[in-house]
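What follows is a set of notes on a single structure, which appears directly below.
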There are 2 protein chains.
Amino acid sequence: MNNQLASKAEAIRMLQERDINPTQQRIVIAQLLFARPQHMSAEQVLMNVQDSGVHVSKATVYNTLSLFAEKGLVKEVIVDPTKVFYDSNIVPHHHFFNIDNGQLSDIDDASLQLQAMPQLPDGTQLDGVDVIIRVRGQQQAQA
Amino acid sequence: MNNQLASKAEAIRMLQERDINPTQQRIVIAQLLFARPQHMSAEQVLMNVQDSGVHVSKATVYNTLSLFAEKGLVKEVIVDPTKVFYDSNIVPHHHFFNIDNGQLSDIDDASLQLQAMPQLPDGTQLDGVDVIIRVRGQQQAQA
DNA sequence: TTAACTCTTTAGAAAGAGTCTATTTCCCAT
DNA sequence: ATGGGAAATAGACTCTTTCTAAAGAGTTAA
Ligand SMILES: [Mn+2]
Ligand SMILES: [Mn+2]
Ligand SMILES: [Zn+2]
Ligand SMILES: [Zn+2]
């Protein structure tokens with residue numbers, strides 16, 4: 001249903017652009033994530049990579065996702081108290097989160113703007129703004 | 001530093017208003033939470049209640065916080081991947097989250113408005129909107 | 001070629017938040 | 001007092017994430 005991967009060459013290029021040593025495991029995880037803009041949990045990454053025949057350990061998946069987030073290749077989305085989502089779409093945008101089925105989806109950036117940025121607490125700098133619109137309804141998760 | 005409790009009578013009244021049977025444990029947790037608007041984790045609630053001399057189990061703290069959330073007495077704030085915060089301020093408002101020290105603070109509601117509500121995904125209803133402004137800086141957590 | 005070195009990966013143990021279960025306790029109506 | 005439903009409890013358990021100690025890969029230097 002979702003088996004397309006980004007090319008190996010493209011994955012390597014993306015890693016090198018961010019000064020990430022393109023190891024086998026990092027390449028295959030990048031090919032999976034950057035096949036298209038998507039939201040994946042660590043467990044989904046692990047299962048998808050293993051299904052593709054490459055052996056990657058759980059620790060490496062976590063290490064790699066953290067590294068990618070640190071280097072700005074993916075963005076962590078904190079919205080479900082039970083797990084972190086990694087977003088391969090790093091264009092600034094916000095999210096719908098369906099609390100009935102756990103589905104996370106992007107909000108068209110044009111359709112949501114903040115009126116103004118509030119003054120930040122003293123001595124702090126802006127890191128980012130996350131808007132989550134929680135919705136209910138639709139079928140339960142189909143996984 | 002933070003020992004004031006809401007009165008027992010007030011706590012009981014708040015519980016009864018929401019059709020919650022005012023048991024000993026629920027009353028003392030309510031006295032703690034509603035002493036003032038604040039954000040607490042389950043663990044903080046457990047420790048504070050136990051410090052006050054009342055014996056309450058971990059399971060009861062979780063059950064009670066879930067019940068309060070379900071009944072609308074508190075609001076869950078999902079912002080830190082390692083734990084849920086319970087907000088005793090249920091007036092609609094948004095949050096600053098300091099990723100360096102884990103501090104959660106309220107944004108004055110007047111200073112942050114959404115320009116418009118995007119169209120929701122088909123077949124879904126609005127549950128709520130959470131805006132989190134992540135900031136960096138200041139000392140690490142003082143706990 | 002081998003040795004040394006650094007970086008990465010790995011299995012599995014460990015940590016921590018949250019949930020579940022079986023039992024006991026509490027509270028109230030009779 | 002007693003019976004019964006609701007709530008609380010200890011502690012086992014689950015699940016995500018992190019840590020640890022050891023093995024592997026790749027690179028450079030002799
Ligand atoms: Mn959790
Ligand atoms: Mn976690
Ligand atoms: Zn997204
Ligand atoms: Zn708040």
Side-chain angles (χ1 to χ4, degrees), chain A residues 11-12 15-16 18-32 39-50 52-71 73-74 76-86 99 102 104 141 143, chain B residues 8 11-12 15-16 18-32 39-50 52-71 73-74 76-87 99 102 104 141 143:
Chain A
I12 290 173
L15 297 178
Q16 285 173 338
R18 306 271 176 161
D19 296 307
I20 296 169
N21 191 354
T23 65
Q24 294 253 308
Q25 288 82 352
R26 289 166 181 173
I27 293 168
V28 78
I29 291 172
Q31 286 185 261
L32 171 64
H39 311 109
M40 300 191 84
S41 65
E43 195 212 9
Q44 285 178 303
V45 170
L46 181 59
M47 300 221 303
N48 271 277
V49 168
Q50 286 179 341
S52 82
V54 182
H55 178 99
V56 177
S57 71
K58 190 177 50 155
T60 295
V61 168
Y62 278 100
N63 289 343
T64 300
L65 290 172
S66 294
L67 178 66
F68 285 8
E70 185 189 316
K71 296 289 189 172
L73 277 179
V74 300
E76 297 182 352
V77 181
I78 313 299
V79 73
D80 178 332
T82 73
K83 59 179 176 296
V84 173
F85 284 104
Y86 293 85
I99 61 180
L104 186 63
Chain B
K8 192 163 172 176
I12 291 173
L15 296 178
Q16 285 174 337
R18 306 271 176 161
D19 296 307
I20 296 169
N21 192 352
T23 65
Q24 294 253 308
Q25 287 81 354
R26 288 168 181 172
I27 292 167
V28 78
I29 292 172
Q31 286 186 261
L32 171 66
H39 310 109
M40 300 191 84
S41 65
E43 195 214 9
Q44 285 178 303
V45 170
L46 181 60
M47 301 221 303
N48 272 277
V49 169
Q50 286 178 342
S52 83
V54 182
H55 179 98
V56 177
S57 69
K58 185 175 60 149
T60 295
V61 168
Y62 278 101
N63 288 343
T64 300
L65 290 171
S66 294
L67 177 67
F68 285 8
E70 185 189 317
K71 297 288 191 175
L73 277 179
V74 300
E76 297 183 353
V77 182
I78 313 298
V79 73
D80 178 332
T82 72
K83 59 181 176 297
V84 173
F85 283 104
Y86 293 86
D87 193 341
I99 60 180
L104 186 63

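Letters A, B, ... mirror the listed sequences (proteins, then strands); counts begin at 1. All figures in this text were calculated on a predicted structure; none of them were measured in a lab.
- Between the P atom of C:dA17 and the CE atom of B:Met47 lies a distance of 10 Å, rounded to the nearest Å.
- Between A:Tyr62 and D:dT18 there is no side-chain polar atom (N or O) within less than 4.0 angstrom of OP1 or OP2.
- What separates CD1 of A:Ile20 from P of C:dC7 is a distance of 15 Å, to the nearest Å.
- The two residues B:Arg26 and B:Asn21 have their closest heavy-atom pair at NH1-O, 3.0 Å.
- The shortest distance between side-chain heavy atoms of B:Val49 and B:Val61 does not fall below 4.5 Å.
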Under 3.5 Å, which N/O atoms of the protein pair with N/O atoms of nucleotides 22-30 of chain C?
none

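- In this structure the side chain of B:Leu15 reaches within 4.5 angstrom of the side chain of B:Leu73, judged on heavy atoms.
- Per the geometry, CD1 belonging to B:Ile29 stands 13 Å off C1' belonging to D:dT9, to the nearest Å.
- At the phosphate of C:dT9, OP1 or OP2 sits under 4.0 Å from a side-chain N or O atom of A:Thr23.
- The two residues A:Tyr86 and A:Glu76 make their nearest non-hydrogen contact at CE2-CG, 3.6 Å.
- The side-chain heavy atoms of B:Asp80 and A:Ile78, taken from C-beta on, include no pair separated by under 4.5 Å.
- One can place CD of A:Glu76 at 16 Å from P of D:dT16, the figure rounded to the nearest angstrom.
- Around atom CD of B:Gln50, more than 12 heavy atoms belonging to other residues, nucleotides or ligands sit under 6.0 Å away.
- Taking atom CD of B:Glu43 as the reference point, atom P of C:dA15 lies 15 Å away to the nearest angstrom.
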Enumerate all atom pairs, one protein N or O and one N or O from nucleotides 10-12 of chain C, separated by less than 3.5 Å.
| residue | atom | partner | partner atom | Å |
| --- | --- | --- | --- | --- |
| C:dT10 | OP1 | A:Gln25 | NE2 | 3.4 |
| C:dT10 | OP1 | A:His55 | O | 3.1 |
| C:dT10 | OP2 | A:Ser57 | N | 2.9 |
| C:dT10 | OP2 | A:Ser57 | OG | 3.2 |
| C:dT10 | OP2 | A:Thr60 | OG1 | 2.8 |
| C:dA11 | OP1 | A:His55 | NE2 | 3.1 |
| C:dA11 | OP2 | A:His55 | NE2 | 3.4 |

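- Closest approach of B:Ala42 to B:Leu65, counting heavy atoms only: CA-CD1, 3.7 Å.
- Whole-Å rounding puts the A:Arg26 CZ to D:dG26 P distance at 13 Å.
- Side chains of B:Leu32 and B:Met40 form a contact here, defined as non-hydrogen atoms less than 4.5 Å apart.
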Apply side-chain contact (heavy atoms from CB on, under 4.5 Å) to B:Ile27 and B:Lys8, showing your working. CA-CA 7 Å; B:Ile27 292 167; B:Lys8 192 163 172 176; 3.8 Å; yes

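- Distance, A:Gln44 CD to D:dT16 P: 11 Å, rounded to whole Å.
- Atom CG of A:Leu65 is separated from atom P of C:dT9 by 12 Å (rounded to the nearest Å).
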